[in-house]
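Below is one structure, written out as structure tokens, with a few remarks after it.
Numbering of ligands and ligand atoms starts at 1, following listing order.
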Amino acid sequence: MTFETLGLHPQILQALTDAGYTIPTPVQQEAVPAAIAGRDLMVSSQTGSGKTAAFMLPALNKFANEPVEARPGKTPNQNAQAARSRGERPRFMPAQPRMLVLTPTRELALQVTTATDKYGIHMRRVKAASILGGMPYPKQMQLLARNPEILVATPGRLIDHMESGKIDFSKLEILVLDEADRMLDMGFVEDIELIVSRTPATRQTLLFSATLDGMVGNIARRITTDPLRIQIAGASARHENIEQRVHFVDDLLHKNRLLDHLLRDTAIEQAVVFTATKRDADSIADRLNIAGFAAAALHGDMHQGARNRTLDALRRGQLRVLVATDVAARGIDVPGITHVFNYDLPKFAEDYVHRIGRTGRAGRNGMAISLVNHAEGVHVKRIERLTKQTIPVDVIEGYEPKKTTSAARPRPGWKPGDGRGKPGKPGQRTFAKPGAPRKEGGHRGQRDGRSTESRRG
Ligand code: ADP
Ligand code: MG
């Protein structure tokens, strides 16, 4: 299947050729024709599977195929000018977007806007703008005054503008919820409902999520009409191009020594190190800098400017190691990231899938290495159960754990490896055989009143 067979406008096809896309990804193959046909969608598909184009191409296609006269009239700026030329005082006009994309984070919103500009590069008169917390107010007013057809926004800031009459959603045609599960996790549920309530019932609604289980499924059913359900791969996305490893560590000192050692691997182009806390992200980045790595932290307490500078440096290859928290690193798409390290295991197994998806982008291979305390074996098991994959345990000569739990103990005949062998080679114990029956671990995490179990895809 090609993009031509999806029925896209020549201007869009040209942009896709420019971008080097040759064939649509599976989620694009299913979602694009259905969305062009006007269907509502509920889509679950793994990170990196091309969801942005899956919702943006049909929307751009709709705008590209319209006769010029059908396009909405003047921008608020033009109206104001016209009023002035008539000697009248310009009347304030709210922006009336035709498409709204809601995303959980600012980074993701900027990525969606950048992708939109890329896919729409040959289309004149379609403007996309992001409205984000942390962006200076005059800048936002300037963006809204251009009356962009497409708004990409995080829910909070959008509501400010909605309530103060700067944005009017009564002409909205397409509503997209990107990473809906994460928006709910972040507590945006009421914001989303409020925004949805201000949009016309005739809108087309496209919802994308890692999972459609639990609360996100409920919301999805409520805000869509006769939706087509597309499930490419649940949260158990296999990430087959990403090699995974677990290293057991005895204590923090051991963990830090091992991380320093692993980061010296010359196969690493760029790496993301995930930490549980913002404070750890800062202190580990500082420590790595002192140890001679080009490292920086990325977390939600940083100002937007600092976050953007860090991400730019990462994209330009000036940073080799990014030390980040889950939320801040969500959606980072930098092909140079060859390795992901879990300095701390994520609290929720699904976050593991999102984390390791930061590597192996754009069809490349990746490596994901978790540094795990002996007591955390149960968390590894939970991840294995979610991903339906076993994660090989690796041991590096000179960095062996002193404690040898059954999981960490190499088999007899084990030879010290370089830590970069193929999964499943002799001497590497894995936690569980695929499909083996297992008992449920004791811990049941709660978040937003739901158990972790219900979030599984
Ligand atoms: P998701 O939202 O599912 O995580 P993205 O939309 O961010 O995925 O896309 C992931 C990467 O794949 C991006 O770098 C994007 O440019 C690229 N990509 C998307 N669709 C295609 C395609 N059909 N061919 C090649 N690359 C693609
Ligand atoms: Mg995405």
Side-chain angles (χ1 to χ4, degrees), residues 1-6 8 12-33 35 41-61 101-121 128 130 152-154 176-183 185-186 206-212 216 230-235 237-239 241-242 270 272 311 314-315 326-327 329-337 340 350-351 353-366 457:
M1 190 184 265
T2 63
F3 283 107
E4 280 86 356
T5 48
L6 294 181
L8 292 167
I12 299 173
L13 292 175
Q14 184 58 48
L16 294 173
T17 307
D18 296 353
Y21 294 10
T22 49
I23 51 164
T25 65
V27 70
Q28 292 162 5
Q29 292 183 18
E30 294 205 33
V32 171
L41 302 180
M42 278 170 72
V43 183
S44 69
S45 177
Q46 70 186 72
T47 6
S49 58
K51 291 190 286 294
T52 317
F55 60 75
M56 207 40 95
L57 299 183
L60 290 175
N61 191 67
V101 182
L102 289 175
T103 75
T105 67
R106 300 179 271 199
E107 279 75 18
L108 210 56
L110 288 172
Q111 271 180 29
V112 170
T113 313
T114 307
T116 307
D117 291 342
K118 183 163 76 175
Y119 303 144
I121 183 106
S130 14
V152 185
T154 50
V176 177
L177 272 66
D178 193 15
E179 308 219 358
D181 55 330
R182 179 53 54 122
M183 283 199 278
D185 280 350
M186 291 171 72
L206 312 173
L207 180 138
F208 291 77
S209 178
T211 167
L212 294 173
V216 70
I230 299 174
Q231 281 177 293
I232 300 299
R238 295 188 71 87
H239 283 314
N241 59 332
I242 301 170
Q270 289 179 297
V272 181
L311 284 171
L314 187 74
R315 276 188 205 105
D326 282 298
V327 168
R330 178 88 175 174
I332 289 180
D333 181 18
V334 177
I337 299 173
V340 164
E350 271 165 15
D351 288 331
V353 179
H354 290 302
R355 284 183 179 190
I356 74 170
R358 295 311 104 220
T359 183
R361 306 293 288 182
R364 300 174 63 168
N365 292 329

Reference residue S45; test side chain to side chain contact (heavy atoms under 4.5 Å, CB included); the match among K51, Q28, Q231: K51
Spacing of NZ belonging to K118 relative to CG belonging to L16, to within rounding of 0.5 Å: 9.0 Å
dist Q111:CD -> T52:OG1 (nearest 0.5 Å) comes out at 7.5 Å
Would you mind running through ligand 1 and noting each atom that sits below 4.0 Å from a heavy atom of [X]?
X: T52; value: 2 (O), 5 (P), 6 (O), 7 (O)
X: T25; value: 20 (N), 21 (C), 22 (C), 23 (N)
X: S49; value: 1 (P), 3 (O), 8 (O)
X: K51; value: 1 (P), 2 (O), 3 (O), 4 (O), 6 (O), 8 (O)
X: I23; value: 22 (C), 23 (N), 24 (N)

[X] N/O under 3.5 Å from ligand 1 N/O:
X: G50; value: yes
X: P24; value: no
X: G20; value: no
X: D333; value: yes

Indicate, as side chain, backbone, both or neither, the part of Q111 found under 4.0 angstrom from ligand 1 when only non-hydrogen atoms are considered. neither
Mind checking whether K118 contacts ligand 1 via backbone (N, CA, C, O), side chain (CB onward), both or neither, at a 4.0 Å heavy-atom cut-off? side chain
Pick out which of T105, T103, D351 makes a side-chain hydrogen bond (donor to acceptor under 3.5 Å, both in side chains) with R182. D351
Determine whether E107 and I332 satisfy the following criterion, side chain to side chain contact (heavy atoms under 4.5 Å, CB included), listing intermediate values before the conclusion. CA-CA 7 Å; E107 279 75 18; I332 289 180; 5.6 Å; no
I'd like to know whether ligand 1 has F3 as a neighbour, heavy-atom separation below 4.0 Å. yes
Have a look at F208, F55, Y21 and point out the one with the heavy atom closest to atom 19 (C) of ligand 1. Y21
Side chain to side chain contact (heavy atoms under 4.5 Å, CB included) for V101 and M56? Distances and angles first, verdict last. CA-CA 9 Å; V101 182; M56 207 40 95; 3.9 Å; yes
N/O donor-acceptor pair under 3.5 Å between T359 side chain and I337 backbone: yes
So does L314 get a backbone contact from the side chain of Q270, meaning a donor-acceptor N/O pair under 3.5 Å? yes
So which atom in D181 and which in A210 form the shortest heavy-atom distance, rounded to 0.1 Å? OD2-CB, 3.2 Å
